Student: 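Okay, here's the structure, questions in a sec.
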Amino acid sequence: MLKSMRSSNDHLISLIVSSTAKLHLRQIHAILLRTSLIRNSDVFHHFLSRLALSLVPRDIDYSRRVFSRRSNPTVSHCNTMIRAFSVSETPVEGFRLFRALRRRRSSRPANPLSSSFALKCCIKSGDFLGGLQIHGKIISDGFLSDSLLLTTLMDLYSTCENSNYACKVFDEIPKRDTVSWNVLISCFLRNKRTRDALFLFDKMVNEVDGCVKPDGVTCLLAVQACSSLGALDFGERVHAFIDQNKLGGALNLSNTLVSMYSRCGSMDKAYEVFKSMREKNVVSWTAMISGLAMNGFGKEAIEAFNKMLKLGISPEEQTLTGLLSACSHSGLVDEGMMFFDRLRSGEFGMKPNLHHYGCIVDLLGRARLLDRAYGLVQSMEMKPDSTIWRTLLGACRVQGNVELGERVISHLIELKAEEAGDYILLLNTYSSVGKWEKVTELRSLMKERKIHTKPGCSAIELQGSVHEFIVDDVLHPRKEEIYETLAEINQQLKIAGYAAETTSELHNLDSEEEKGNALTYHSEKLAIAFGILVTPPGTTIRVTKNLRTCVDCHNFAKFVSNVYDRVVIIRDRSRFHHFKGGFCSCNDFW
DNA sequence: CTAGGGTTAG
C-alpha cells in the first residue's frame with residue numbers, strides 16, 4: 001500500500017517536474033488540492049519550485065499565494081520561495097521571509113542555502129545593511145567554511161562597491177575554485193580596478209592557485225577588461241588562450257570579442273570574429289554596428305543594419321543607438337534623419353529613447369543646425385536628461401554659440417546635474433569667441449562653488465602591460481625620460497609649424513597662472529611621448545582617454561603622426577581618432 | 001525532514 005502510494009507520488013512528481021506551462025501547472029494544482037496530495041511535503045516542494053522558479057514568464061503572485069496557504073512550510077519550502085523572490089521584482093520580500101524563518105527556528109541555525117538566497121535578495125535590492133546582517137549570521141551560524149556561500153557574499157561586496165571587503169572574503173574562502181576567482185575578477189571590473197582584473201587573469205593562467213584554471217567566464221571577463229582599457233595586445237592574448245584551450249564558441253563570448261576588438265580600434269579583427277561566428281543574434285549585430293560607428297565607418301554600419309533586417313532579425317534599442325551614432329559620427333545627416341523618422345513611425349517596434357534623441361541632437365549639432373537641435377529637444381515627449389543637454393552644449397562650444405550655451409547650462413543647473421565638464425564647455429565657448437570677462441566670471445563662480453574638474457586620464461599599452469597617465473603626471477617611474485622626450489617632440493613639432501594653443505582650451509582650472517610659459521601636459525600628450533620613447537619607429541601608438549580630447553592635443557597628435565611617421569589612434573570618450581600623415585579620420589570641426 | 005546554491009554579452 002505504502003509502496004504503491006510512493007510510486008504514484010513519484011509519477012506525479014515526474015509529471016510536475018516536466019511541466020513548464022502555466023496552464024498545465026494550474027491543472028496540476030487543482031488535482032493536488034482535490035486529492036489532498038498538496039499536503040505531502042515532497043510533492044509540495046516540487047510543485048512550488050516548478051511554479052516559482054521554472055515558469056516563464058514568472059508568476060510570483062501565484063507562487064506567493066500557494067506558499068502562504070501552506071501551514072507548516074519546511075526550510076526547503078522557504079528557501080524555494082526566498083530564491084523566487086531573489087529573482088523577482090520584489091526581492092525585499094525574500095529578505096523578510098528569511099528573517100521570519102530565522103525567528104521561527106531560533107534554536108537551530110538555518111541552512112546555508114537560506115543565507116545564500118537571502119543574500120541574493122539583498123544584492124538585487126541594493127540592501128547593503130541587510131547583507132551585512134546576513135554576513136554576521138553566516139559567522140554566528142558557523143557557515144564560514146561554505147565556499148559557495150562566501151562566493152555569494154563576495155558578490156554582495158562587489159555590488160556595494162566595496163572591493164576591499166570582497167578581497168577579504170576571497171582570502172577566507174577555504175577552497176577557492178574558478179568561480180570564486182571569476183567573482184573577484186568581475187568585482188574588480190565593476191569597481192574600476194580593471195588592471196587588477198587582468199592581473200588576476202594572468203595569475204590564473206599561470207596556475208598560481210593549485211589547479212584553478214580560467215574557464216569561458218573568466219575569459220569573457222578578461223576580454224571585457226581589455227575592452228574598457230583599450231588593451232589590444234592583452235585582448236589578443238586572451239583570444240589566443242581561448243582558442244588554445246577550446247573555451248570559445250559561446251555566443252556571449254564571441255559577442256564580447258567583437259566588441260573588444262572594435263573598442264580597441266581594430267575593426268579588421270572584430271569583423272574576422274564576427275564573420276567566423278556560426279550563429280549570430282541581435283547582440284552580435286549590435287556590437288558590430290556600434291563598432292563600425294565608433295570607428296567612423298558610417299556607411300558600413302548602415303549596410304550592416306540593412307543586412308540584419310534582411311535576415312529577419314529585429315533590432316533592439318541599442319542597435320538603433322549604434323546606427324544613429326554611426327550617422328552622426330560620419331556626418332550622414334540625411335540618412336540619420338531618415339532612420340530617425342522610421343524609428344518614430346514605429347517601424348522598428350519601439351519609440352525613440354533618450355539615447356536616440358542624443359544621437360540626433362549630436363547629428364544636428366555637427367551639421368551646424370543648432371536651432372533645429374534645440375527645437376527637437378524641446379519637442380521631446382520625455383524629459384531631456386543631462387546627457388542630451390550636454391551634447392547640445394558640446395555643439396554650442398564647437399560653434400561658439402554663447403547665447404544657447406548659457407541657456408543650456410541653465411537647464412543643466414535646473415536638473416541639478418551640472419558637472420565640472422559642463423562648466424569647462426561653457427568656459428571654452430566663451431574663450432573661443434574672446435569673451436574673457438565672462439571667462440573670469442565663470443572661473444570665480446566655479447571656485448566659489450568648489451567645482452573641481454575630473455582629471456584627464458590616458459592609458460597606453462605596451463607588451464601587455466597598461467601604463468596610465470594623468471594631467472602633469474609625476475607618478476610614472478620613467479617620468480624624467482618622458483618629460484625630456486616631450487620637450488624634444490615639442491621642439492620638432494614647432495619646426496613643423498605646430499603652435500600650442502593655450503587660450504581656448506583650459507581643462508585645468510588651476511593652471512591659469514602657469515598658462516603660457518610652462519604649459520600643462522594633458523595626459524594624452526604624456527602617453528604619446530611615452531609611446532614614442534619606448535616603441536621602435538613605425539609602431540602604431542594606441543592611446544585610450546577617459547574624457548574628450550581637446551583641440552590642442554588633437555592638433556598635437558596630427559603633427560606627431562606626420563613628423564614621426566606614426567599611426568596614432570586615440571580612443572576618446574565616445575569614439576576613435578585615427579591619425580595618419582598629419583590627418584585625422586574624424587570629421588569634427590577641428 | 002532529503003531535494004535546491006555562487007560568476008557571464010551589445
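These numbers were taken from a predicted model, which means no experiment stands behind them. Letters A, B, ... are given to chains in the order of the sequence lines, protein chains preceding strands, and every chain is numbered from 1.
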Student: Between B:dG10, B:dT7, B:dG4, which nucleotide has the shortest distance from any of its atoms to the side chain of A:Asn182?
Tutor: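 It is B:dT7.
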Student: Quick check, does A:His45 stack with B:dA3? I mean ring centres under 5.5 Å and planes off by under 30°.
Tutor: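 So yes, this residue stacks on that base, both cut-offs being met.
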Student: Residues in side chain to side chain donor-acceptor pair (under 3.5 Å) with A:Asn191, at least two apart?
Tutor: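 For A:Asn191, no residue satisfies side chain to side chain donor-acceptor pair (under 3.5 Å) once neighbours in sequence are set aside.
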Student: Of the candidate nucleotides B:dG6, B:dT8, B:dA9, which contains the atom at the shortest distance from the side chain of A:Leu251?
Tutor: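 Minimum distance to the A:Leu251 side chain belongs to B:dA9.
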Student: In whole angstroms, how far is the P atom of B:dT7 from the CG atom of A:Asp155?
Tutor: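 After rounding, the gap between these two atoms is 6 Å.
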Student: Any idea which of B:dA3, B:dG6, B:dA9 is nearest the A:Thr151 side chain?
Tutor: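 So the side chain of A:Thr151 is nearest to B:dG6.
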Student: Can you figure out which of B:dA9, B:dG5, B:dT7 approaches the side chain of A:Asp146 most closely?
Tutor: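 My answer, after comparing the listed nucleotides, is B:dG5.
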Student: Would you jot down, in residue-number order, the residues of residues 113-128 of chain A having a non-hydrogen atom under 4.0 Å from DNA chain B?
Tutor: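 Here the set is A:Leu113, A:Ser116, A:Phe117, A:Lys120.
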Student: Send over the distance from A:His77 NE2 to B:dC1 C1', rounded to a whole Å.
Tutor: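 Answer to the nearest Å: 9 Å.
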Student: For A:Ile16 and B:dG4, give me the distance from atom CD1 to atom P, rounded to whole Å.
Tutor: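 These atoms are roughly 16 Å apart.
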Student: Of the listed nucleotides (B:dT2, B:dG6, B:dT8), which one gets closest to any side-chain atom of A:Ser180?
Tutor: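 Nearest to the side-chain atoms of A:Ser180, counting from C-beta on, is B:dG6.
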Student: Would you indicate which nucleotide in B:dA3, B:dA9, B:dG10 comes nearest to any side-chain atom of A:Ser76?
Tutor: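 My answer, after comparing the listed nucleotides, is B:dA3.
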Student: Using a strict cut-off of less than 4.0 Å between a Lys/Arg side-chain nitrogen and an Asp/Glu carboxylate oxygen, indicate whether A:Lys545 and A:Asp572 qualify as a salt bridge.
Tutor: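 Salt bridge absent between A:Lys545 and A:Asp572.
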Student: Would you classify A:Gln224 as touching base, sugar-phosphate or nothing, given that sugar-phosphate means primed atoms plus P, OP1 and OP2, and contacts are heavy atoms under 4.0 Å?
Tutor: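 Counting heavy atoms under 4.0 Å across all strands, the contact made by A:Gln224 is with sugar-phosphate only.
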Student: When you look at CZ of A:Arg39, are more than 12 heavy atoms from neighbouring residues, nucleotides or ligands closer to it than 6.0 Å?
Tutor: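 No, the 6.0 Å shell around CZ holds no more than 12 heavy atoms from other groups.
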Student: Starting at atom CD1 of A:Ile82, determine the distance to atom P of B:dG4, rounded to an integer number of angstrom.
Tutor: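 Rounding to the nearest Å, CD1 of A:Ile82 and P of B:dG4 are 17 Å apart.
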Student: To the nearest angstrom, how far is A:Ile13 atom CD1 from B:dG4 atom P?
Tutor: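 Atom-to-atom, A:Ile13 to B:dG4, this comes out as 13 Å.
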Student: Of the nucleotides B:dG10, B:dA3, B:dT7, which one has an atom closest to the side chain of A:Thr74?
Tutor: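 In terms of side-chain proximity for A:Thr74, the closest of B:dG10, B:dA3, B:dT7 is B:dA3.
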Student: Classify A:Leu253 by what it touches in the nucleic acid, base, sugar-phosphate, or nothing, heavy-atom distance under 4.0 Å.
Tutor: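 Result for A:Leu253 = nothing.
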Student: How about A:Phe241: does its CZ atom have over 12 heavy atoms from other parts shown lying under 6.0 Å from it?
Tutor: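 Enclosed: over 12 neighbouring heavy atoms sit under 6.0 Å from CZ of A:Phe241.
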Student: Classify the nucleic acid contact of A:Val183 as base, sugar-phosphate or nothing, counting any heavy atom under 4.0 Å across all strands shown.
Tutor: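 A:Val183: backbone/sugar contact only, no base atoms under 4.0 Å.
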Student: Testing the 3.5 Å rule here: is there a donor-acceptor pair between the side chains of A:His77 and A:Thr80?
Tutor: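 A:His77 vs A:Thr80: no donor-acceptor pair found between side chains.
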Student: A:Arg104 CZ to B:dC1 C1': how many Å, rounded?
Tutor: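 In whole Å, B:dC1 C1' and A:Arg104 CZ are 12 Å from each other.
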Student: When you get a sec, tell me which of B:dG5, B:dT7, B:dA9 is the closest nucleotide to the side chain of A:Pro112?
Tutor: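 Output: B:dG5.
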Student: The side chain of A:Asn252 is closest to which nucleotide in this list: B:dG6, B:dG10, B:dT8?
Tutor: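 Selected nucleotide: B:dT8.
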Student: In whole angstrom, give the distance that lies between atom CD1 of A:Ile185 and atom P of B:dG6.
Tutor: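 Computing the A:Ile185:CD1 to B:dG6:P distance gives 19 Å.
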Student: Determine whether a donor-acceptor pair (one donor, one acceptor, N or O, separation below 3.5 Å) exists between the side chain of A:Asn79 and the base of B:dG5.
Tutor: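 For A:Asn79, whose side chain was compared with the base of B:dG5, there is no donor-acceptor pair (under 3.5 Å).
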Student: Just by distance, with hydrogens left out, do A:Gln318 and A:Thr321 show a side-chain donor and acceptor under 3.5 Å apart?
Tutor: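 No - no donor-acceptor pair under 3.5 Å links their side chains.
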Student: Under 6.0 Å between the ring centres of A:Phe340 and A:Tyr357?
Tutor: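 Yes, the ring of A:Phe340 comes within the 6.0 Å limit of the ring of A:Tyr357, centre to centre.
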Student: In whole Å, what is the span from the CD1 atom of A:Ile242 to the P atom of B:dT8?
Tutor: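 Atom CD1 in A:Ile242 sits about 17 Å away from atom P in B:dT8.
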Student: Is there a donor N/O on one and an acceptor N/O on the other, under 3.5 Å, for the side chain of A:Thr286 and the base of B:dG10?
Tutor: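 Side chain to base: pair found, below 3.5 Å.
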Student: Tell me, please, whether A:Phe117 has A:Lys120 positioned over its six-membered ring: NZ or CZ under 6.0 Å from the ring centre and within 45 degrees of its axis?
Tutor: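 No, a cation-pi geometry is absent between A:Lys120 and A:Phe117.
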Student: Between NZ of A:Lys137 and CZ of A:Arg99, what distance do you get to the nearest 0.5 Å?
Tutor: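 If I round to the nearest 0.5 Å, the distance is 7.0 Å.
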Student: Can you tell me which nucleotide in B:dA3, B:dG10, B:dT7 comes closest to the side chain of A:His46?
Tutor: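 Ranking B:dA3, B:dG10, B:dT7 by closest atom to the A:His46 side chain puts B:dA3 first.
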